[in-house]
Number of protein chains: 2
Amino acid sequence: MGLQLTRGGEYAVRAMTYLARFPEGHVASLRDIGRAQDIPESFLAKILQSLVRSGLAVSQRGAHGGFALARPAAGVTMRDIIEAVDGPIALNQCVLWPEDCSRSGDCELHKAWQRAQAQLMDVLDSVTLRTLAPQPVA
Amino acid sequence: MGLQLTRGGEYAVRAMTYLARFPEGHVASLRDIGRAQDIPESFLAKILQSLVRSGLAVSQRGAHGGFALARPAAGVTMRDIIEAVDGPIALNQCVLWPEDCSRSGDCELHKAWQRAQAQLMDVLDSVTLRTLAPQPVA
DNA sequence: AGGAGACCGGACAGAAAAGGTCCTGTTGAA
DNA sequence: TTCAACAGGACCTTTTCTGTCCGGTCTCCT
Ligand code: SF4
Ligand code: SF4
């Protein structure tokens with residue numbers, strides 16, 4: 001393989017999409033999210049921690065605690081979520097860190113990867129949680 | 001990380017691009033390619049084997065042997081090369097094997113990944129070895 | 001005040017993939 | 001015949017992925 005989304009990334013988007021289905025501010029517990037989205041709960045705990053640390057979600061501790069979106073669904077993109085849990089997206093190392101490759105100065109391949117990355121980001125930046133969960137349930 | 005080209009994929013494109021810089025049919029040895037492109041030779045051996053098995057390169061055994069492109073440079077794309085060594089490209093599992101995910105029937109996220117994949121393939125299919133190595137050296 | 005419910009944080013661990021290495025065999029041209 | 005060069009497979013090390021576990025902490029509810 002190679003060049004594929006991690007399980008963690010997929011889970012993160014699914015979890016956030018689930019939260020976006022509720023009215024703004026609604027809190028759902030780890031257990032609820034895991035059950036609803038078929039995500040192992042102890043793994044999901046780690047993923048949600050990343051999302052909280054990245055400021056995409058907020059957590060409520062104690063009884064009746066859980067997680068909620070930190071901002072309106074329309075303002076959170078697929079890219080935001082994936083980068084929060086998997087780190088920066090770079091189809092090839094040199095796209096984000098050109099200094100790592102001595103050839104990057106005049107490399108046609110480099111330019112190709114930059115175009116590919118730009119096209120990918122176009123999609124990832126344009127899809128928000130509102131796109132993924134259009135109608136909040138009452 | 002996650003979602004990044006493998007080292008093997010990068011090496012493969014570099015090796016093929018090197019071959020494309022010579023007149024059609026020119027044979028270069030493993031050693032030559034490895035030295036010119038800074039690729040560990042024993043690893044490169046494996047990569048070239050994959051390329052030969054996939055029909056993108058041909059090999060010549062015995063003294064003065066080596067590797068050459070199997071077809072004109074303009075007919076070999078980035079995608080061909082990467083898929084030959086890393087297997088099929090799928091930004092998310094469900095893009096190529098939707099039956100693996102029970103949700104794939106009506107999943108907005110799935111559609112998003114399909115768009116992203118299509119954009120990526122547009123670039124990868126449009127870049128050929130002729131693009132990467134415009135002028136064969138005499 | 002005292003549970004009980006729920007997240008926090010870090011250590012740990014098994015499995016898989018990435019990234020190579022090595023060795024023995026086979027080929028083919030000089 | 002010799003020897004340069006590829007073929008193929010076994011093996012190895014390191015890193016990343018995909019989780020698990022547990023003690024600690026916080027907060028609501030009674
Ligand atoms: S694409 Fe070019 S610049 Fe980027 S890593 Fe490969 S050789 Fe270096
Ligand atoms: S994007 Fe949708 S279809 Fe694809 S794996 Fe995730 S949930 Fe399944």
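Just so you know, these numbers use all the heavy atoms, side chains as well, and skip hydrogens, waters and symmetry mates. Order of the sequence lines fixes the chain letters, A, B, ..., with proteins taken first and strands second; residue numbering starts at 1 for each chain.
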Under 3.5 Å, sequence neighbours excluded: what are the donor-acceptor pairs made by side chains of residues 4-12 of chain A?
unit_1	atom_1	unit_2	atom_2	d
Gln4(A)	NE2	Gln93(B)	OE1	3.0
Thr6(A)	OG1	Gly9(A)	N	3.0
Thr6(A)	OG1	Asp86(A)	OD1	3.0
Thr6(A)	OG1	Asp86(A)	OD2	2.4
Glu10(A)	OE1	Asn92(B)	ND2	2.9
Glu10(A)	OE2	Arg14(A)	NH1	2.9

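- Contact between the side-chain N/O atoms of Ser59(A) and the OP1/OP2 oxygens of dC8(C) is found at a separation under 4.0 Å.
- Look at CG on Leu30(B): it is 8 Å from C1' on dC6(D), rounded to the nearest Å.
- When side chains are defined from C-beta on, Leu120(A) counts as touching Leu91(B), because their heavy atoms get closer than 4.5 Å.
- No side-chain heavy atom of Val27(B) sits under 4.5 Å from any side-chain heavy atom of Val58(B).
- In this structure, Thr131(A) and Met78(A) have side chains that are not in contact, with every pair of non-hydrogen atoms separated by 4.5 Å or more.
- The CZ-P distance, from Phe67(B) to dA5(D), rounds to 12 Å in whole Å.
- Between His110(A) and Arg103(A), every side-chain heavy-atom pair lies at or beyond the 4.5 Å cut-off.
- Partners of Arg61(B) by side-chain contact (heavy atoms from CB on, under 4.5 Å), not counting sequence neighbours: none found.
- Atom-to-atom, CG of Leu3(B) to P of dA18(C) comes out at 13 Å; the value is rounded to the nearest Å.
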What is the per-nucleotide protein-contact pattern of nucleotides 19-30 of chain D, from the 5' end, where B denotes a base atom under 4.0 Å from a protein heavy atom, S denotes such proximity for sugar-phosphate atoms only, and - denotes neither?
BB---BBBBSS-
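- Among the protein residues, Leu48(A) comes within range of no part of the nucleic acid, since none of its heavy atoms lies under 4.0 Å from any strand.
- For Gln119(A), there are no side-chain hydrogen bond (donor to acceptor under 3.5 Å, both in side chains) partners at least two apart in sequence or on another chain.
- Using the six-membered ring where Trp is involved, His26(B) and Phe22(B) have ring planes that are parallel, under 30° apart on the 30 and 60° scheme.
- By the salt bridge (Lys or Arg N to Asp or Glu O under 4.0 Å) test, Asp122(A) pairs with no residue at all, sequence neighbours left out.
- Near DNA chain C, defined here as any heavy-atom distance below 4.0 Å, there are no residues from residues 78-101 of chain B.
- Atom CD1 in Ile47(B) sits about 16 Å away from atom P in dG8(D), given to the nearest Å.
- Atom CD1 in Ile39(A) sits roughly 16 Å away from atom C1' in dC17(D) (whole-Å rounding).
- As a whole-Å value, the separation of Glu10(A) CD from dC17(D) P is 15 Å.
- To the nearest angstrom, P of dA17(C) lies 17 Å from CD of Gln4(B).
- Of the side-chain N and O atoms in Arg31(A), none sit less than 4.0 angstrom from OP1 or OP2 of dC7(C).
- Atom-to-atom, CG of Leu44(B) to C1' of dA5(D) comes out at 13 Å; the value is rounded to the nearest Å.
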